[in-house]
Number of protein chains: 2
Amino acid sequence: MKITLKQIECFLAVAEYGSFSGASKRLNTAQPALSQAIKDLEAELGVRLFDRTTRRVELTDAGREFQQSAAKVIEELEHAVESVHELAERKRGRLTVAAPPLLAAVVLPQAIAEFRRRFPGISVQIADVGTEQIVESVRNGKADCGIGTFQPSEEGIERVALVRDSLMLFCDEASPLNGSEPVCWSELADYPLVTLTRDSGIRLLVEVGFESCELPLKPAFEVAQVTTAIALVEAGLGVAVLPTYALAAARYRKVNGRQLVEPVISREIVLIHASGRSVSPAVQAFSQVIRRFAQQLTPQEAR
Amino acid sequence: MKITLKQIECFLAVAEYGSFSGASKRLNTAQPALSQAIKDLEAELGVRLFDRTTRRVELTDAGREFQQSAAKVIEELEHAVESVHELAERKRGRLTVAAPPLLAAVVLPQAIAEFRRRFPGISVQIADVGTEQIVESVRNGKADCGIGTFQPSEEGIERVALVRDSLMLFCDEASPLNGSEPVCWSELADYPLVTLTRDSGIRLLVEVGFESCELPLKPAFEVAQVTTAIALVEAGLGVAVLPTYALAAARYRKVNGRQLVEPVISREIVLIHASGRSVSPAVQAFSQVIRRFAQQLTPQEAR
DNA sequence: GCCAACTTATCGCGAAATGCTATGAATTAA
DNA sequence: TTAATTCATAGCATTTCGCGATAAGTTGGC
């Protein structure tokens, strides 16, 4: 036989109450069950825990000692359960979000702020890494989830659509392209182009756009960071095709965004998480918050 | 439903082993039982503890956290059980023995020494108090047991006979009573008598002895402590009637003990413990040791 | 790309335990 | 002495538990 928690709880109740029948009422159980439980527990421990006549019940020395330890054990167990419950109820937790630098800079901060308002106990960490590393981080568990644009074919990765984002033209205020009308891809032929380096997903889409107009893509500048590209555009060194949400990074800078059509090229920004792993309560909550937030953020510019 | 220790043990085994089927072998249980236990535990906690495919089992964040606490809880419980086992096996414990000063001085030290040799883990405390307080101490639990001579009629007190002890005459070496033959009570008439005060049980027996010879009891000195009485005898101020075991206190002093007959007055030295209370393992052990020790100590002089 | 092997989940059944009611035994208080 | 209270025991119905069999799903090899 083996000790059970129920036995220990019965023991503590009897010890505290000083009576079997009294404790049985409190435990909502019949008194014989208590007698049995204590008997079994004593047999297991090899010591008598109570001195009991039909009239008085009091702890033996061994019982007193066991009461101390048992109470501590029960309390700790309850604390452990409570802790896990807190995780489940999102009162507490940890969340690591992997995102490319631009998203990490212009979308995440506000989304996280909203998230922390709703779940103050969950601490959020950002891993601002390259797109390739995002998938890898999520796969190996370094990040709980990631946002960005990814191939749909990734293995072991679950996708949750957040928002569609169209490519947009960014030009300086003095540029002839700056106006109120949408710009066509074909109009870009005569302007020096600032692009991202070839490992960027955006670069690929830009290439698609140029191909659709049968224009050759001859970048004047190739940079890794979107913010760098915007700075170059601001300096009048060229125009850039960037995601709509780069607008947020261009705010307060002398750069304007123009709709870019024929074709409209859009890509889906998704939240990813490992499909094998269970979706932690924190990730579930974050997924909802960022989806609502992303849709509020960009609908008028993105569509 | 409620969490059980079995569930926790199953959880820890699976967590450590990283596999249900592997853990099931180690726990000597079938794999479906494990699946069920973990499922129930997860339902109770409201969180998934493992990410499991049919091929891999690994802890979730919540699972990792719960593993920490659960392991600590189990370890502490096992420690508590172990502690109580030690009490039961007399590897550890506490024992308070109440005894009148003389017994505490001349019998207990050696008995306790022997006891501690056999049960090194049990700490022994002596409460050297008056005879009246001994019964009271045992009754209210301040002492686990007591030794001495007590009325058989004491309520709520269990008696275990240790040894019979006869009254003995103590005289200085120059006394005419000093010789090799037993002394009769009637011979005491002509000598100044050192007695204990009236609250002593020995004093009562001395009175009985004098009455049996129809001699008047006219103490020359009345003292509370046996050792004081022996000192007075040694100084040649009188003779004293004391228990045989007072011989041990008279060793190395110029006082001799003589058998005292017509009548031989003996009294039973008993060990007492509270009858309501359970006899703790330590008291059981001590009872045996002191009984054997007492019988070895005094048979030739006492009988 | 399909098959074989391995692992976990589910199902059904039999055995064990659990807990309750009724009853007994013992002690206290009136 | 009796009545009342309290813990222990017995018998019984119910629930739970754990096992075997089987299903479902994933991985790795061919």
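Residue numbers begin at 1 in each chain, while the letters A, B, ... track the order of the sequences.
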Nearest-angstrom distance from the residue atom [atom1] of [X] to [atom2] of [N]:
| X | N | atom1 | atom2 | result |
| --- | --- | --- | --- | --- |
| A/Q31 | D/dA4 | CD | C1' | 15 Å |
| A/L34 | D/dC7 | CG | P | 9 Å |
| A/L27 | C/dC20 | CG | P | 10 Å |
| A/F11 | D/dC7 | CZ | C1' | 17 Å |
| B/F20 | C/dC6 | CZ | P | 19 Å |
| A/E58 | D/dT6 | CD | C1' | 15 Å |
| B/D51 | C/dT8 | CG | P | 14 Å |
| A/D40 | C/dT18 | CG | C1' | 10 Å |

Of A/A33 and A/R56, whose nearest nucleotide on DNA chain C comes first from the 5' end?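 Going by which nucleotide is closer to the 5' end, it is A/A33.
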To the side chain of [X], which of [options] is closest?
| X | options | answer |
| --- | --- | --- |
| A/S19 | C/dT10, C/dT8, D/dC7 | D/dC7 |
| B/S21 | C/dC20, C/dT7, D/dC7 | C/dT7 |
| A/K6 | C/dT8, C/dG19, D/dC7 | C/dG19 |
| A/K39 | C/dA9, D/dC19, D/dT9 | D/dT9 |

Taking the side chain from B/R92 and the backbone from B/G121, do they hold a donor-acceptor pair closer than 3.5 Å?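 Absent.
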Please check this pair: side chain of B/S137 against backbone of B/A143, looking for a donor-acceptor N/O pair closer than 3.5 Å. no
Looking just at side-chain N and O atoms, do B/S69 and B/E65 make a donor-acceptor pair shorter than 3.5 Å?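 No pair is found: no donor N or O on one side chain lies under 3.5 Å from an acceptor on the other.
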List the atom of A/A70, the atom of A/I8, and the distance in Å for their closest heavy-atom pair.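 Smallest heavy-atom distance, with atoms named: CB-CG2, 3.8 Å.
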Salt-bridge present (A/E207, A/R203; N to O < 4.0 Å): yes
Tell me whether the OP1 or OP2 atom of D/dT9 has a side-chain N or O from A/S35 closer than 4.0 Å.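 Checking D/dT9 against A/S35, no side-chain N or O comes under 4.0 Å of OP1 or OP2.
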Name the nucleic acid region contacted by A/Q36, choosing base, sugar-phosphate or nothing; use a 4.0 angstrom heavy-atom cut-off, strictly under. nothing
